[in-house]
Number of protein chains: 2
Amino acid sequence: MTFELQILGSGSATPMVGRHPTAQLLAVEEGRYLIDCGEGTQLRLLEHRRRLSSLRVVFISHLHGDHFFGLFGLLSTMHLQGRQEPLTVVGPPGLDLVLTTQAFHSRMQPGYNITFVPVDTEAHAVVYEDALVRVWSLPMHHRIACAGYLFEEQPRRDKLVKEKLPAGLTPTELAQLAQGQDLPADPATGRPALAHADVSVPAAPPRRYAFCSDTIYTPALAELVQGVDLLYHEATFLHDMRERAAQTYHSTARQAAELAHTADAHRLLIGHFSSRYKQLDAHLQEAREIFPWTELATEGLLVSV
Amino acid sequence: MTFELQILGSGSATPMVGRHPTAQLLAVEEGRYLIDCGEGTQLRLLEHRRRLSSLRVVFISHLHGDHFFGLFGLLSTMHLQGRQEPLTVVGPPGLDLVLTTQAFHSRMQPGYNITFVPVDTEAHAVVYEDALVRVWSLPMHHRIACAGYLFEEQPRRDKLVKEKLPAGLTPTELAQLAQGQDLPADPATGRPALAHADVSVPAAPPRRYAFCSDTIYTPALAELVQGVDLLYHEATFLHDMRERAAQTYHSTARQAAELAHTADAHRLLIGHFSSRYKQLDAHLQEAREIFPWTELATEGLLVSV
């Protein structure tokens, strides 16, 4: 049961050799979801041997270049590769116009259908759902309209316990039990009533990943991401630069950890590091003092939830 | 006297690990001119320790993504770096609308002035000039409006030969000679007339570089680039795929060499290789059979003219 995140970029707005702008790939079962798409993301996917054709949905947090300038190339390459499967792009209003203006002047008429889902970046609402995941927007507070995203896998079914099942059940009866139904007694065979709860073990609760992109420290977010299995939170600065962080609507490593602590998250990833920091040990140390289960969201990191 | 070209990308439309999309940096004295700007070009410039702030002009050949998707990030980073010097962008009509639509929705108001020069891609005309270079458009024939560019350094002055100058010339007289003027006889001092040609050696002819971006093989181009010191010509395919090349409005290595031969170019660079070719020995061999002074325009190559 796959629920796995790969970090493709840990950098921020100013480019830096060895660090790439924000992009993450979330795999839930066979579903592949790209979260943000900074310049060069298609090459990162190639380097990690991820097929572009496997992507179902792209979520864009906001229209600062380090979060979406790779989208032009990604969509264009999908077209060149002969993609026919539809693609959904979820992002702030305006993104569709930026993309269609470029496509028009590049004379690119994609051979696949792109559904654009505009996000109200001030709301906490379901913005996408399929058989594998349900995704909510998370209101960020940045210099420009910006959404985070909360991914929750669809509830799994309770698992039937073979040893507790009586012999002689028909396939229909087994299917009813698997779907969570109770079976009434069967006078014809003399089988007593069977309660679903008595022959199954409850499924694990749905796993959840919260992506908190560029934002000023917003304690109220904790309530929306309460108890998530994995929290990503930007940590552009160290805490001695908290004034600069606030001025630019960014957060510090310590603030990211405070949020993870308040939200009672299981694990924290921090990223979106300012290019002024060549080493990141201080970020990790600062966050771990508040929230020990912190890791750096650096290039290539693979996290299984 | 610098006249130097650096190749930043040798790839074509389909991305490939280890090869980057088209971008070249031309240095003429202190002038820095970027030619095409595929995705990731700003990072290539950083890797080669080229300051973005030094760029004066960006020339874009056409609006296929592998030739301009890096421009969004480049212009954005220049803004973040606090650039104030104006920038000129030369390219096909439509590019300005693509860029301004993105900038508007990204809420980016650059702190520097961008002058956009639309190019008539069917004409051979001067599209840019400063104290160092004069640049002509070269009509390419591609699936979309596409221009090549011919760079010619401004004529240099003939050099005065110290040993041939009589003693006692005033600074004004020296300046007149340096500017190419003859001096009449001076009855006051008895100095005879002085012909500029008699006291100088002619300057070397202006150096020229022709960039022939994506195009179907077009023999008529040879006349426009006759005798250039350095010719870049795309060579997307090998000659056994000349039909595919023609269908997609691209050229083969052999055709690039034919053009260099007909144009009597001094040297040829070939690039824009299809990602189907992992090795490029065959391209080089095929071209050199026609035009021995051929090199592969691979990543990082530095050519002094």
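Proteins get letters first, then strands, A, B, ... in listed order; numbering begins at 1 in each.
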On a heavy-atom basis, the closest approach of B:Leu43 and A:Pro15 is CD1-CB, 4.3 Å
If one checks every heavy atom of B:His20 against chain A at 4.5 Å, the contacting part turns out to be side chain
Under 4.5 Å to a heavy atom of chain A? For B:Ser76 that would be side chain
Here the gap from A:His105 atom NE2 to B:Ile144 atom CD1, rounded to the nearest 0.5 Å, amounts to 10.0 Å
Scored by heavy-atom pairs under 4.5 Å with chain A, the best of B:Gly65, B:Pro21, B:Gly40, B:Ala145 is B:Gly40
**OP:** Take A:Phe69 and B:Gln102 through the side-chain contact (heavy atoms from CB on, under 4.5 Å) test and state the conclusion after the steps.
**Re:** CA-CA 10 Å; A:Phe69 280 170; B:Gln102 175 267 306; 3.3 Å; yes
Applying a strict 4.5 Å limit to non-hydrogen atoms, the region of A:Leu80 in contact with chain B is side chain
Taken to the nearest 0.5 Å, the spacing of A:Gln81 CD from B:Thr14 OG1 works out to 7.0 Å
So, the part of A:Thr41 with a heavy atom under 4.5 Å from chain B: the answer is backbone
Bottom line for B:Phe68: the part with an atom under 4.5 Å from chain A's heavy atoms is side chain
Between B:Glu47 and A:Val17, the two heavy atoms sitting closest are CG-CG2, 3.8 Å
ask   = When you look at CD of A:Glu85, are more than 12 heavy atoms from neighbouring residues, nucleotides or ligands closer to it than 6.0 Å?
value = yes
With chain A, the option among B:Arg143, B:Gln42, B:His62, B:His64 that has the most non-hydrogen atom pairs under 4.5 Å is B:Gln42
Tell me, yes or no, whether the heavy-atom count around A:Tyr249 atom OH, taken from other residues, nucleotides or ligands under 6.0 Å, exceeds 12. no
Under the 3.5 angstrom rule, does the side chain of B:Thr101 hit a backbone N or O of A:Val98 as a donor-acceptor pair? no
Turns out that what part of B:Met108 lies under 4.5 Å from chain A's heavy atoms comes down to neither
The interface call for B:Ser275 against chain A, heavy-atom contacts under 4.5 Å, is neither
